[in-house]
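Got a structure for you, questions after.
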2 protein chains.
Amino acid sequence: MDGTKAILVDVDFLQTYLENKGISQCQFAEEVGVTQSTVNRIMNGKRNPGGKFVTGVLQGFNDLSFDEVFSCSDNLLK
Amino acid sequence: MDGTKAILVDVDFLQTYLENKGISQCQFAEEVGVTQSTVNRIMNGKRNPGGKFVTGVLQGFNDLSFDEVFSCSDNLLK
DNA sequence: TTTGGTAATTGCCTTATGGTAATAAACTAA
DNA sequence: TTAGTTTATTACCATAAGGCAATTACCAAA
């Protein structure tokens with residue numbers, strides 16, 4: 001909706017990762033330290049991930065790296 | 001002030017990097033796409049870097065990586 | 001059919017990020 | 001000394017992230 005920069009999530013990658021590990025959106029939320037509502041909004045492109053989400057993912061899943069999951073680009077929110 | 005997770009900046013690293021390159025806080029701010037006030041607040045630990053700052057740094061300075069400049073830990077704000 | 005787990009959604013609220021001045025202190029060069 | 005640059009600070013404001021709670025829909029297993 002605007003041209004501001006934001007951290008983006010590779011939703012497809014994350015989706016696949018979670019499916020392969022059999023982790024539900026709800027479990028994921030808990031591990032990351034945010035609510036299911038927050039995860040869902042981010043996974044469906046209604047919110048950009050903030051510092052709390054990014055940190056939670058990287059701390060909660062040590063096999064994931066910033067560059068794998070996130071990228072830096074322009075805001076794509078609807 | 002609280003125990004929430006946030007992205008942190010390696011201020012010493014960034015400070016040194018900018019000094020070595022002879023880049024002022026103001027020039028840096030412009031390159032990153034935020035204001036000098038925002039850069040200053042982040043460099044002095046009064047604000048955590050947000051998505052705009054992180055993205056601006058990584059896009060504006062291709063020789064910098066997320067892992068070099070940032071880390072994921074608990075909020076240290078005063 | 002009913003239970004249970006999951007994903008999707010939404011309204012309301014709080015807090016954090018970032019902008020916009022504007023100002024002050026410090027330092028350097030002319 | 002004065003002008004210019006840089007860093008630090010601050011009050012006020014707008015917007016975005018995230019929580020909370022509740023609801024809906026879907027689908028599989030008992």
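So you know, we letter chains A, B, ... as the sequences are listed, proteins then strands, and number each from 1. For clarity, every value in this text was computed on a predicted model and none was experimentally measured.
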Whole-Å distance separating the CG atom of B:N75 from the P atom of C:dT15 = 14 Å
By nearest-nucleotide position on DNA chain D, the 5'-leaning member of B:I23 and A:A6 is B:I23
Tell me which nucleotide among C:dT9, C:dT17, D:dT9 gets nearest to the side chain of A:K46.
-> C:dT9
Would you confirm whether A:N44, through its side chain, and A:N40, through its main-chain N or O, come within 3.5 Å as a donor-acceptor pair?
-> yes
Measure from the side-chain heavy atoms of B:S37 and tell me the nearest of D:dT10, C:dA8, D:dA17.
-> D:dT10
For B:M43 and C:dG18, give me the distance from atom CE to atom P, rounded to whole Å.
-> 14 Å
Mutual orientation of the aromatic rings belonging to B:F61 and B:F28 [parallel < 30°, tilted 30-60°, perpendicular > 60°] = tilted
For B:G56, does its backbone N or O pair with a side-chain atom of B:Q59 as donor and acceptor, under 3.5 Å?
-> no
Side chain of A:T55, backbone of A:G51: donor and acceptor closer than 3.5 Å?
-> yes
Verify the contact: side-chain N or O of B:N48 to OP1 or OP2 of C:dA16, cut-off strictly under 4.0 Å; return yes or no.
-> no
Pairs under 3.5 Å (N/O, protein and nucleotides 25-30 of chain D):
none

Could you check how far CG of B:L76 sits from P of C:dA16, rounded to whole Å?
-> 14 Å
Map B:R41 and B:S24 onto DNA chain D by nearest heavy atom, then report which one ends up closer to the 5' terminus.
-> B:S24
Within the structure, does a side-chain N or O atom of B:N44 lie under 4.0 Å from either OP1 or OP2 of D:dT7?
-> no
For DNA chain D, determine which residues of residues 52-70 of chain A have any heavy atom closer than 4.0 angstrom to one of its atoms, and list them numerically.
-> A:K52, A:F53
Are A:I7 and B:V9 co-members of a hydrophobic cluster defined by side-chain heavy atoms under 4.5 Å apart?
-> yes
Look at the side chain of B:T16 and the backbone N and O of B:D12, then say whether any donor-acceptor pair between them is shorter than 3.5 Å.
-> yes
Any idea which of C:dA8, D:dC20, D:dA8 is nearest the A:N40 side chain?
-> C:dA8
Hydrophobic cluster identity match, A:V57 and A:F13, side-chain contacts under 4.5 Å | yes
Are the side chains of A:F66 and B:L58 in touch, meaning some heavy atoms are under 4.5 Å apart?
-> yes
Given atom NZ of B:K5 and atom P of D:dG19, what is their separation to the nearest angstrom?
-> 12 Å
Distance in angstrom units between A:I42 CD1 and C:dA7 P, rounded = 15 Å
Nearest-angstrom distance from the residue atom CG of A:L77 to C1' of D:dG18 | 14 Å
Looking only at C:dA8, D:dT7, C:dA21, the nucleotide nearest the B:Q25 side chain is D:dT7
Could you please spell out the steps behind the side-chain contact (heavy atoms from CB on, under 4.5 Å) verdict for A:L18 and A:M43?
-> CA-CA 12 Å; A:L18 294 177; A:M43 295 295 260; 4.1 Å; yes
Would a 4.5 Å heavy-atom cut-off, applied to side chains only, mark B:C26 and B:E30 as touching?
-> no
Give the nucleotide from the list C:dT6, C:dA21, D:dG19 with an atom nearest to the side chain of A:Q27.
-> C:dT6
Candidate pair B:D74 and B:K5, rule side-chain contact (heavy atoms from CB on, under 4.5 Å), full reasoning = CA-CA 4 Å; B:D74 284 339; B:K5 298 170 189 294; 3.7 Å; yes
With DNA chain C as reference, determine whether B:T35 or A:R47 sits nearer its 5' end, using the nearest nucleotide of each.
-> A:R47
In whole angstrom, give the distance that lies between atom CD of A:Q36 and atom C1' of C:dA8.
-> 8 Å
Is there a side-chain contact between B:V69 and B:D10 (heavy atoms, below 4.5 Å)?
-> no
Integer-rounded Å distance: C:dT6 P and A:E30 CD = 11 Å
Taking a hydrophobic cluster as the set of Ile, Leu, Val, Met, Phe, Trp and Tyr residues connected by side-chain heavy atoms closer than 4.5 Å, whether directly or through intermediates, do B:L8 and B:I42 fall within one such cluster?
-> no
Find the bend of the helix from C:dT1-D:dA30 to C:dA30-D:dT1 as the angle between its two terminal axes (five pairs each), to the nearest 10°.
-> 30°
